[in-house]
Amino acid sequence: MPRFGPIKRKDLIKWLKKLDFDGPYSGGKHQFMVRDDITLRIPNPHRGDIGMELLSRILRQAQISKDEWERLG
């Protein structure tokens, strides 16, 4: 079960796929994932983990609550 906190990019993608997102697909500057009418840009790979603030913004855009995120597993 993912906790709400810093997360690696590959783990973010894995958990989004469990929430029925497809992708990631190549885009302009960023890859993206799609579920129904939601298109979600995925951060580019970088050295560190995705921080809590960015994770919060991603989940808000994906219309996923913090509770729903933490119940995955």
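Residue numbers count from 1 along this sequence. Only this structure's heavy atoms are used, side chains among them; waters, hydrogens and symmetry mates stay out.
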Quiz item: What heavy-atom pair brings D11 and I7 nearest, and what distance separates the two atoms?
Solution: CB-CG1, 3.7 Å
Quiz item: Crowded around R41 CZ? As in, over 12 foreign heavy atoms under 6.0 Å?
Solution: no
Quiz item: Can you tell me how far the OG atom of S65 sits from the CD atom of E70, to the nearest 0.5 Å?
Solution: 9.0 Å
Practice problem: Find the distance between CG (L12) and CE (M33) and round it off to the nearest 0.5 Å. | Solution: 7.5 Å
Practice problem: Using a 4.5 Å cut-off on heavy atoms from C-beta on, say whether the side chain of F4 contacts that of S56. | Solution: yes
Practice problem: Would you indicate whether the side-chain heavy atoms of L40 and F21 approach each other to under 4.5 Å? | Solution: yes
Self-check item: Any T39 side-chain heavy atom under 4.5 Å of Q61 side chain
Solution: no
Quiz prompt | Reported CZ-to-CG distance for the pair R60 and L55, which is rounded to 0.5 angstrom | solution = 10.5 Å
Quiz item: Do the side chains of P24 and K17 get nearer than 4.5 Å, heavy atoms only?
Solution: yes
Quiz item: For the residue pair I50 and H46, what are the closest heavy atoms and their distance?
Solution: CG1-CE1, 4.3 Å
Quiz item: I42 and I58: side-chain contact (heavy atoms from CB on, under 4.5 Å), yes or no, with the steps?
Solution: CA-CA 8 Å; I42 303 298; I58 291 169; 5.6 Å; no
Self-check item: E68 and Q63: CA distance, side-chain angles, deciding distance, side-chain contact (heavy atoms from CB on, under 4.5 Å) verdict
Solution: CA-CA 10 Å; E68 183 180 1; Q63 298 176 2; over 6 Å; no
Quiz item: Charged N to carboxylate O below 4.0 Å: is that the case for R35 and D20?
Solution: no
Quiz item: Honestly curious: do F32 and I13 fall in one hydrophobic cluster under the side-chain, below-4.5 Å linking rule?
Solution: no
Quiz prompt | Side-chain heavy atoms of I64 within contact of L59, under 4.5 Å | solution = yes
Quiz item: How far does CH2 of W69 sit from CG of L16, to the nearest 0.5 angstrom?
Solution: 5.0 Å
Exercise. Might you confirm whether atom NZ of K8 has over 12 heavy atoms from other residues, nucleotides or ligands at distances under 6.0 Å?
Key: no
